[in-house]
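Heads up, the thing below is written out as structure tokens.
What you see is a predicted model; the values in this text were computed from it and never measured. Every heavy atom of this structure was used, including side-chain atoms; hydrogens, water molecules and symmetry mates were not. By convention here, the first residue in the shown sequence is residue 1. Whatever order the structure lists ligands and atoms in, that order sets their numbers, starting from 1.
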Amino acid sequence: MTELKKYKISVENLAIGYKSTVVAKQINFSLESGELCAMVGANGVGKSTLLRTLGNLQPNLSGTMTIDEKNLTSYTSLELAQKLSLVLTEQPASKNLTVEELIALGRQPYTNWIGTLTKKDKSQIEESLSTFLLNDLRYRKCHELSDGQLQRVLIARAMAQDTPIIVLDEPTTHLDLFHKVQILKLLQQLAHEKRKTIVFTTHEIDLAIQLCDKILILDGAENPFGEPCQLIEQKCFERLFPSEMVHFDAKTGSFKIKK
Ligand SMILES: Nc1ncnc2c1ncn2[C@@H]1O[C@H](COP(=O)(O)OP(=O)(O)OP(=O)(O)O)[C@@H](O)[C@H]1O
């Protein structure tokens, strides 16, 4: 008898958008614990809208989304905050806090109403600081950090929140190649070593192909999902951009400019 796979998060026939405007439809994917997944696609195709829908910040138009086989919309806010953490690009309100204070905020779903930190909260904060190489920056104000350092702090806060699922909107924007790779490798480590399910949007398709276990391609039509090598074999990346400008080189797993 074959055992049914237990998916951490599963999305079936999902349509997303705003009121009467459908931004994307027929979105299907399922992820297990320990998987790192990128969502890629052209500007405006609906990546951020999908992340906001998964974070329950906006309603879906149709279809189902489940976490641990329970409908995502039937979780209370507190229950969802213990299942899924969301890392969005712009979070200026918290920039006056120190690195340590901002990471401590990740413990909010577990602390009492005055926010007293227990031994477990403190050890989770310490672990997040050291995993994301932030020990030397712990007393620095967040507005004094570089983009790459701030991005590490925001992900460390999600790690402190200690949810099985972490969802991030473009965690590598504004970063140089070294820091893009550093962030993605830290996410990969978090997924593989701590068995987190991590989903992020990105325009770095070549890096995602090298580092991710799964990729969802939002192409405005079939939205293929699978392992990077399967998607390359099925020529799914070729359809992503107009072919007169760029073409996908399956040998190197990257896009080349048409001369
Ligand atoms: N609040 C909103 N109300 C109505 N339409 C919106 C709203 N926010 C975004 N949109 C539209 O939804 C579509 C998808 O936008 P979204 O930001 O999800 O795309 P994206 O794939 O993340 O793009 P990018 O790669 O440029 O970040 C766009 O056409 C956008 O104009």
Output all residues satisfying side chain to side chain contact (heavy atoms under 4.5 Å, CB included) with T21, sequence neighbours left out; order by chain, then residue number.
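Partners of T21 under the side chain to side chain contact (heavy atoms under 4.5 Å, CB included) test: none.
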Is the shortest side-chain N to carboxylate O distance from [X] to [Y] below 4.0 Å?
X: K196; Y: D162; result: yes
X: E35; Y: K214; result: yes
X: E204; Y: K180; result: yes

Is there a donor-acceptor pair under 3.5 Å between the side chain of E79 and the backbone N or O of T76?
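Yes, the answer is positive, given that a donor and an acceptor are paired below the 3.5 Å cut-off.
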Quick one: table the atom pairs, ligand 1 N or O against protein N or O, below 3.5 Å, distance rounded to 0.1 Å.
unit_1: ligand 1; atom_1: 8 (N); unit_2: Y18; atom_2: OH; d: 3.2
unit_1: ligand 1; atom_1: 18 (O); unit_2: S48; atom_2: N; d: 3.4
unit_1: ligand 1; atom_1: 18 (O); unit_2: T49; atom_2: N; d: 2.9
unit_1: ligand 1; atom_1: 18 (O); unit_2: T49; atom_2: OG1; d: 2.5
unit_1: ligand 1; atom_1: 19 (O); unit_2: G46; atom_2: N; d: 3.4
unit_1: ligand 1; atom_1: 21 (O); unit_2: V45; atom_2: N; d: 3.3
unit_1: ligand 1; atom_1: 21 (O); unit_2: G46; atom_2: N; d: 3.0
unit_1: ligand 1; atom_1: 21 (O); unit_2: K47; atom_2: N; d: 2.9
unit_1: ligand 1; atom_1: 21 (O); unit_2: K47; atom_2: NZ; d: 2.9
unit_1: ligand 1; atom_1: 22 (O); unit_2: S48; atom_2: N; d: 2.9
unit_1: ligand 1; atom_1: 22 (O); unit_2: S48; atom_2: OG; d: 2.9
unit_1: ligand 1; atom_1: 23 (O); unit_2: G44; atom_2: N; d: 2.8
unit_1: ligand 1; atom_1: 25 (O); unit_2: N43; atom_2: ND2; d: 3.1
unit_1: ligand 1; atom_1: 25 (O); unit_2: K47; atom_2: NZ; d: 2.7
unit_1: ligand 1; atom_1: 25 (O); unit_2: H203; atom_2: NE2; d: 3.0
unit_1: ligand 1; atom_1: 26 (O); unit_2: N43; atom_2: ND2; d: 2.9
unit_1: ligand 1; atom_1: 27 (O); unit_2: E170; atom_2: OE2; d: 3.4

Think K70 forms a cation-pi with Y75, using NZ or CZ under 6.0 Å from the six-ring centre and within 45 degrees of its axis?
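Pair K70/Y75 counts as cation-pi.
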